Asker: 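Pasting in a structure now, in structure tokens, and then I'll have a few things to ask.
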Amino acid sequence: MGNKIIIALDGMSEVEALRIAKLLKGKVWGFKINDLLFADPGIIKKLKKFGNVFADAKLYDIPNTVANSVRRLSAVGADMITVHASGGIEMMRAAKENAGHSKILAVTVLTSFKGSQNKIVLKLAREAEKAGLDGIVCSGHELKYVSKLPLLKVVPGIRPKGYNRKDDQKRTVTAEEAVKLGADYLVIGRPIINSLKLKHGK
Ligand code: C5P
């Protein structure tokens, strides 16, 4: 399977998100949203005209509550939904059972955390597998430790070599490194969004 790019549409208006999605239609696998979900979950339907939609809700609650949220996001067409792996196997199972056609991914350790997270990421990934989830979100640094697990690997914290800003990300890799290490999907936000803004004079 080819590696796929997901564009993170963070901290922008719905109008701006739809403008960027239209611009990148057909060039990327899809679009990831988080804060826009809180403005209007109906954004998922609108974005689907331009690609797949990753609802990065990062759900973390008791199984019944997570199941309810997953059902709503799935009903409006989210292709991928995230839950926190640290919410436990029972919660992850409940998410999967209520996911319909949506894929459920477990967020392991945020890429804004410093230092070696290999052990904890592997432990959480194993639990996600046990719960029957479709994949995990981890940084490129942990990919080699989870490569044997039959899970999709979605990798944020991608920074190009010449890009001299990490922003709030700590465990970053380049797109090339992530692909070589076995990422199935790359989540890229600011490095692409900022360059689009420059191009369009904003
Ligand atoms: O702008 P940037 O490329 O840093 O965007 C990365 C995106 O991936 C953000 O939307 C962030 O919320 C998300 N993410 C992350 N680390 C995780 C899970 C998601 O950076 N473990």
Side-chain angles (χ1 to χ4, degrees), residues 3-14 16-17 20-21 24 28-39 43-44 47 51-60 73 78-87 92 95 103-125 127-128 133-143 145-146 151-179 181 183-198 202:
N3 319 93
K4 296 170 174 165
I5 291 181
I6 300 173
I7 302 293
L9 302 172
D10 293 319
M12 61 182 77
S13 68
E14 187 175 306
E16 179 70 348
I20 291 172
L24 297 177
V28 297
W29 181 83
F31 304 96
K32 183 181 90 72
I33 46 170
N34 170 260
D35 60 284
L36 280 168
L37 282 173
F38 298 99
I43 180 78
I44 294 179
L47 278 173
N52 295 291
V53 179
F54 177 1
D56 191 16
K58 293 195 177 70
L59 301 169
Y60 180 85
L73 292 170
D79 297 282
M80 289 175 169
I81 301 167
T82 47
V83 301
H84 270 289
S86 50
M92 288 192 271
K103 287 193 164 44
I104 301 290
L105 306 173
V107 174
T108 55
V109 178
L110 297 174
T111 40
S112 52
F113 280 49
K114 270 194 223 159
S116 166
Q117 306 291 340
N118 306 334
K119 278 194 189 138
I120 177 79
V121 168
L122 180 60
K123 176 183 173 281
L124 293 170
E127 290 179 6
L133 295 205
D134 301 284
I136 56 165
V137 181
C138 66
S139 91
H141 292 220
E142 295 93 39
L143 278 172
Y145 300 92
V146 293
L151 294 163
L152 292 170
K153 279 77 175 193
V154 178
V155 179
I158 304 291
R159 290 293 179 271
K161 242 187 202 137
Y163 188 85
N164 53 10
R165 289 169 48 178
K166 284 196 170 193
D167 305 310
D168 50 353
Q169 298 285 16
K170 298 290 185 313
R171 302 192 328 280
T172 61
V173 291
T174 64
E176 190 185 356
E177 284 162 345
V179 168
L181 289 163
D184 296 296
Y185 293 86
L186 309 184
V187 175
I188 311 177
R190 286 160 290 185
I192 288 180
I193 300 296
N194 290 343
S195 74
L196 284 175
K197 280 185 184 154
L198 287 177
K202 282 195 187 162

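The structure displayed is predicted, hence computed values, not measured ones. Just follow the structure's listing: the first ligand is 1, and inside any ligand the first atom is 1.
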Asker: Should you measure from each heavy atom of Pro156, which atoms of ligand 1 turn up under 4.0 Å away?
Answerer: 8 (O), 14 (N), 15 (C), 16 (N), 17 (C), 18 (C), 19 (C), 20 (O)

Asker: Closer than 3.5 angstrom, by distance alone: can the side chain of Arg171 be matched with the main-chain N or O of Ser116 as a donor-acceptor pair?
Answerer: no

Asker: Could you check whether any side-chain N or O of Asn118 sits under 3.5 Å from a backbone N or O of Glu142, counting only pairs where one atom can act as donor and the other as acceptor?
Answerer: no

Asker: Asp35 and Met12: which non-hydrogen atoms are nearest, and at how many Å?
Answerer: OD2-N, 4.2 Å

Asker: Does Lys32 use its side chain to pair, donor to acceptor, with the backbone of Gly30 at less than 3.5 Å?
Answerer: no

Asker: Grab the two heavy atoms, one from Ile158 and one from Val187, that are nearest each other, plus how far apart they are.
Answerer: CG1-O, 3.7 Å

Asker: For Arg190, which part has a heavy atom under 4.0 Å from ligand 1: side chain, backbone, both, or neither?
Answerer: both

Asker: Is the backbone of Thr108 close enough, under 3.5 Å, to the side chain of His84 for a donor and an acceptor to pair up by distance?
Answerer: no

Asker: Would a distance-only check, ignoring hydrogens and angles, find a side-chain to backbone donor-acceptor pair under 3.5 Å from Arg159 to Pro191?
Answerer: no

Asker: Which residue owns the protein heavy atom closest to atom 16 (N) of ligand 1, what's the atom, and how far is it?
Answerer: Thr111 OG1, 2.6 Å

Asker: Indicate yes or no for a side-chain donor-acceptor contact from Asp134 to the backbone of Leu105 under 3.5 Å, with no hydrogens or angles considered.
Answerer: no

Asker: Applying a 4.0 Å heavy-atom criterion (strictly less than), which segment of Val137 is in contact with ligand 1: side chain, backbone, both, or neither?
Answerer: side chain

Asker: Measuring from non-hydrogen atoms of Asn34 to any atom of ligand 1, is the shortest distance under 4.0 Å?
Answerer: no

Asker: If only atom types and distance count, is the side chain of Glu16 paired as donor or acceptor with the main-chain N or O of Ser13 below 3.5 Å?
Answerer: no

Asker: Among all protein heavy atoms, pick the one closest to atom 11 (C) of ligand 1 and tell me residue, atom and distance.
Answerer: Lys32 NZ, 3.9 Å

Asker: May I ask you to identify, for Val109, whether its side chain, its backbone, both or neither come under 4.0 Å of ligand 1 on a heavy-atom basis?
Answerer: backbone

Asker: With a cutoff of 4.0 Å, is Thr82 in contact with ligand 1, counting heavy atoms of the residue only?
Answerer: no

Asker: Which of the atoms in ligand 1, numbered in the order shown and given with their element, are less than 4.0 Å from a heavy-atom of Arg159?
Answerer: 1 (O), 2 (P), 3 (O), 4 (O)

Asker: Strictly distance-based, threshold 3.5 Å: is any side-chain N or O of Thr82 a donor or acceptor partner for the main-chain N or O of Ala106?
Answerer: no

Asker: Looking only at N/O atoms, are Gly189 and ligand 1 under 3.5 Å apart anywhere?
Answerer: yes

Asker: Identify the protein heavy atom lying closest to atom 6 (C) of ligand 1, giving its residue, its atom name and the separation to 0.1 Å.
Answerer: Gln169 NE2, 3.5 Å

Asker: Under 4.0 Å from any heavy atom of Val187, which atoms of ligand 1 are there?
Answerer: 7 (C), 8 (O)

Asker: Please list, in number order, the atoms of ligand 1 under 4.0 Å from a heavy atom of Asp10.
Answerer: 9 (C), 10 (O)

Asker: So which protein heavy atom does atom 19 (C) of ligand 1 come closest to, and at what separation?
Answerer: Lys58 NZ, 3.3 Å

Asker: At less than 4.0 angstrom from any non-hydrogen atom of Pro191, what atoms of ligand 1 do you find?
Answerer: 3 (O)

